[in-house]
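Quick caveat, the model's predicted, so the values are computed rather than measured. Note on naming: letters A, B, ... go to the chains in the order of the sequence lines (proteins, then strands), and numbering restarts at 1 for each one.
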Protein chains: 4
Amino acid sequence: MTDKTKTRIAEASVGLFVRKGVAQTTTKDIAAAAGIAEGTIYRHFESKEALVEHLFLSNYLPLAKTLDGIQKRAATTMRKLETIVRYLYEAYDHDPTIFRFMLITEHGATAKIPDGIATPVSVMRKVIKEGIKTGAVRRIDPQIATHLALGLILQPATAHVYGEITGPLAPRANDVVDALSRVLSA
Amino acid sequence: MTDKTKTRIAEASVGLFVRKGVAQTTTKDIAAAAGIAEGTIYRHFESKEALVEHLFLSNYLPLAKTLDGIQKRAATTMRKLETIVRYLYEAYDHDPTIFRFMLITEHGATAKIPDGIATPVSVMRKVIKEGIKTGAVRRIDPQIATHLALGLILQPATAHVYGEITGPLAPRANDVVDALSRVLSA
Amino acid sequence: MTDKTKTRIAEASVGLFVRKGVAQTTTKDIAAAAGIAEGTIYRHFESKEALVEHLFLSNYLPLAKTLDGIQKRAATTMRKLETIVRYLYEAYDHDPTIFRFMLITEHGATAKIPDGIATPVSVMRKVIKEGIKTGAVRRIDPQIATHLALGLILQPATAHVYGEITGPLAPRANDVVDALSRVLSA
Amino acid sequence: MTDKTKTRIAEASVGLFVRKGVAQTTTKDIAAAAGIAEGTIYRHFESKEALVEHLFLSNYLPLAKTLDGIQKRAATTMRKLETIVRYLYEAYDHDPTIFRFMLITEHGATAKIPDGIATPVSVMRKVIKEGIKTGAVRRIDPQIATHLALGLILQPATAHVYGEITGPLAPRANDVVDALSRVLSA
DNA sequence: GATGAATGAGCGTTCATTCAT
DNA sequence: GATGAATGAACGCTCATTCAT
């Protein structure tokens, strides 16, 4: 059996962090939302900051693995990017909270991720670099290309978080994939 | 003569907000940086929150005016977008602080802007909508198109804030303008 | 067989109390040092305070018995005091921890000892009172005489606890015994 | 005008520290006793620990100066020690609190006093060392002699703190001075 | 207008103690 | 007996805000 209380704390706190912001969420809020005593948080996490970091890394880094697996199963660069976008937007629709949390969390505020560890961003960069090598992606600085692609994917999601785009995100994937193709294709 | 002290407070606080984050910046920090007493902040701003809002709106809304002026002087949709991007990236290079502040603060603060007030985002949307009408921009949902364009423009700036892209941003404008053209052109 | 766990707790905690102070030692520290669970402490002691009291009394009161036995076997008042000092200083050198604990804890904990129970202090007082009666000790208020004697004996030990005197204490016994003789002899 | 509030905090807290112990006195207690808000403590002292240290050092170190002045005005070693004892016991009777605080505070717990700074203990040691040099004090290790003398002086005061000796301390000075003379005289 | 000492609610965190297993 | 997760009151401390000067 997995650690029930730790999970309760984690699930309750992402929700609060997304709704109210990390700084505006108190340990008291978290305890109340998780139905536990405030002190119990500290049996499972060293500090509130450690809880935030755990939440971020335990979702952000596994997502890299998932995206890498998805990417490997697709044949071409454009199919790789397409399946990644579709996966992300469907996952967002299925449980927006954790994605909102990742979108909202200031990367700089969380502990630095050691070099060499795969992140969703590094997976994207790898796909694009390989695309350039194979000629599927036009000649362009891979770093700027990565961020242009990220912009196309993340900005609609961010807009959705703040209510500027409404309804499920998945149907928007077509437009995004199309845009990716236009920006990157050779 | 404009309110000297108010300006000192404003200038000192954006710097701190960008460097340390809004929540992590105390009124004591602000007073020290501005060379004034803590209480003096409250002669010029109702609260710390009001200071943040003032800082955001007094830069964000005038930027809309500026971008609208720029946009009006350009002949075609693509030239409009190009001059906007070049203006933004040069302004970022000239004084990154205020742009970083807007990038960091944007969400949450935008909620308070009444409908009908022009924002940089609404200027972008207007340009794109007009482009669709004139046929310069391909047929696409203007809302998603606006956010695709914003993603292309803002993500490289965000990446710069977090040190993933280094050096001046202005030379990157070419790649962004090119991408905008590919995504939007009919 | 005596209560093994209780002994483990007692031994582990004196060490911690001496090294870090009673207030700075947590029940968690004690459990870790004793190799038991935190809750187990409460099977053996009603509270942390009761543990401290037990530790103090279970060493302080038996010490009175020991000193009284020693005292009884010596012929003269001065020999009584001499053997007491030598015993104390040798015991301190052999296991400073428990003596340091008594030196540190003494005040406040002594309040709980019922009248009529022999303590090291009461043994000293008895020896001195008898000395006055037999004429071995000069005429002096027995209460002040007791504390003058205690001062001569305890202050070097206290100085050793705080590192102002180093090396074994036993060789210092000569000087202390000599001083006791000078202060008390008729 | 001196800092009224800081003085109020200092005076209120020594009283509490002596009555309840440092660890058992909370910042809330101090604020209530001083008639101020809890936060105000931190306008005058960096932390509770710093308050304790300030209290200790601002009384302990000046006492060294006072004792040194007293000592210089006396002609012989024994007169020096006599006036020191009389001064201490009269000061204790006049305001026992601060003396109790110094007696109770664990020296080791407060910040280390830098070498070369005069303390009451170092003044005592100096007087005794000079006494040995002039022949007024018998040949004896100055370090042990200092602590024997300290024991004679402090133990009656400590006994008074814990109620084992009652009434004013000053009349006891005669016995202590006599004892000092017996222990130290050549 | 400016000051800065004072405020006090509320923060993140600790830890002696309890109790179901 | 032993466990260790859970508790929650209480801690030291922070900081946006106020107000007498």
K.L.:
Nearest whole angstrom, please: distance from the P of F:dT14 to the NE2 of D:His44.
P.N.:
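Atom NE2 in D:His44 sits about 15 Å away from atom P in F:dT14.
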K.L.:
Quick one: does any side-chain atom of D:Lys48 pair with a main-chain N or O of D:Val22 as donor and acceptor, under 3.5 Å?
P.N.:
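Yes, because the side chain of D:Lys48 sits within donor-acceptor range (under 3.5 Å) of the backbone of D:Val22.
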K.L.:
If you write DNA chain F from 5' to 3' in dot-bracket form, with Watson-Crick or G-U pairs under 3.5 Å, [ ] for crossing pairs and | for pairs with another strand, what do you get?
P.N.:
.||||||||||||||||||||
K.L.:
Could you go through B:Val52 and B:Leu55, starting from their C-alpha distance and side-chain angles, then the distance that decides it, and tell me whether this counts as side chain to side chain contact (heavy atoms under 4.5 Å, CB included)?
P.N.:
CA-CA 5 Å; B:Val52 173; B:Leu55 245 28; 5.7 Å; no
K.L.:
Provide, to the nearest angstrom, the distance between the CD atom belonging to C:Glu46 and the P atom belonging to E:dC19.
P.N.:
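For the pair C:Glu46 CD and E:dC19 P, the rounded distance is 14 Å.
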K.L.:
If you assign C:Gln24 and A:Thr25 each to the DNA chain E nucleotide with the nearest heavy atom, which residue ends up on the more 5' nucleotide?
P.N.:
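Nearest-nucleotide comparison on DNA chain E picks A:Thr25.
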K.L.:
Using only modelled atom types and a 3.5 angstrom limit, is any donor from either the side chain of D:Glu38 or the base of F:dC13 paired with an acceptor on the other?
P.N.:
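In this structure, the two groups form a donor-acceptor pair.
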K.L.:
Can you tell me which nucleotide in F:dA6, F:dG4, F:dC13 comes closest to the side chain of D:Thr27?
P.N.:
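It is F:dC13.
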K.L.:
Calculate the interatomic distance between B:Ile9 atom CD1 and F:dT17 atom P; express it in whole Å.
P.N.:
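The distance from CD1 of B:Ile9 to P of F:dT17 comes to 13 Å, rounded to the nearest Å.
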K.L.:
Side-chain N or O of A:Tyr42 less than 4.0 angstrom from OP1 or OP2 on E:dT14?
P.N.:
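It does not, given that no N or O in the side chain of A:Tyr42 lies less than 4.0 Å from OP1 or OP2 of E:dT14.
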K.L.:
Counting only side-chain N and O atoms of B:Thr5, is one of them less than 4.0 Å from OP1 or OP2 of E:dG1?
P.N.:
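For E:dG1, neither OP1 nor OP2 has a side-chain N or O of B:Thr5 closer than 4.0 Å.
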K.L.:
Would you indicate what D:Thr26 reaches in the nucleic acid, counting non-hydrogen atoms under 4.0 angstrom: base, sugar-phosphate, or nothing?
P.N.:
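Sugar-phosphate: the residue D:Thr26, judged by heavy atoms under 4.0 Å, touches backbone atoms but no base.
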K.L.:
Examine F:dG12: is either OP1 or OP2 under 4.0 Å from a nitrogen or oxygen in the side chain of D:Lys48? Give yes or no.
P.N.:
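Affirmative; the distance criterion is met.
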K.L.:
Please report the distance, rounded to the nearest Å, between NZ in A:Lys28 and C1' in E:dT14.
P.N.:
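Computing the A:Lys28:NZ to E:dT14:C1' distance gives 16 Å.
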K.L.:
Using OP1 and OP2 only, check whether a side-chain N or O of A:Thr40 sits under 4.0 Å from F:dT7.
P.N.:
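Affirmative; the distance criterion is met.
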K.L.:
On DNA chain E, does the nearest nucleotide to C:Ser47 precede the nearest nucleotide to B:Ala37 from the 5' side, or the other way round? Give the residue.
P.N.:
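Counting from the 5' end, the first nearest nucleotide belongs to B:Ala37.
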K.L.:
How are the rings of B:Phe17 and B:Phe101 set to each other: parallel, tilted or perpendicular (split at 30° and 60°)?
P.N.:
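Ring orientation of B:Phe17 relative to B:Phe101: parallel.
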K.L.:
Specify the separation, in whole Å, of atom NZ of D:Lys4 and atom C1' of F:dA20.
P.N.:
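Going from D:Lys4 (NZ) to F:dA20 (C1'), I get 15 Å.
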K.L.:
How many Å lie between CD1 on A:Ile41 and P on E:dC15, as a whole number?
P.N.:
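Whole-Å distance recorded here is 17 Å.
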K.L.:
Which residue, B:Gly39 or D:Asp29, contacts DNA chain F at a nucleotide closer to its 5' end, judged by nearest heavy atom?
P.N.:
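Result: D:Asp29.
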K.L.:
OP1 or OP2 of F:dA2 versus the side-chain N and O atoms of C:Arg43: is any pair under 4.0 Å?
P.N.:
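No, outside the criterion.
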K.L.:
Across the strands shown, which category fits A:Ile36 at heavy-atom distances under 4.0 angstrom: base, sugar-phosphate, nothing?
P.N.:
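Sugar-phosphate, backbone atoms only, no base.
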K.L.:
From CZ of A:Phe45 over to P of E:dG12, roughly how many Å is that when rounded to an integer?
P.N.:
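In whole Å, E:dG12 P and A:Phe45 CZ are 15 Å from each other.
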K.L.:
Looking at D:Asp29, D:Thr26, D:Thr25, which one forms a side chain to side chain donor-acceptor pair (under 3.5 Å) with D:Lys20?
P.N.:
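Considering D:Asp29, D:Thr26, D:Thr25, a side chain to side chain donor-acceptor pair (under 3.5 Å) with D:Lys20 is found only for D:Asp29.
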K.L.:
What are the two closest heavy atoms between A:Met102 and A:Phe56, and how far apart are they?
P.N.:
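Looks like O-CE1, 4.0 Å.
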K.L.:
Specify the separation, in whole Å, of atom CG of A:Asp3 and atom C1' of F:dG4.
P.N.:
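Taking atom C1' of F:dG4 as the reference, CG of A:Asp3 is at 12 Å.
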K.L.:
For a 4.5 angstrom cut-off between non-hydrogen side-chain atoms, does B:Tyr60 reach B:Val121?
P.N.:
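Yes. Closest side-chain heavy atoms under 4.5 Å.
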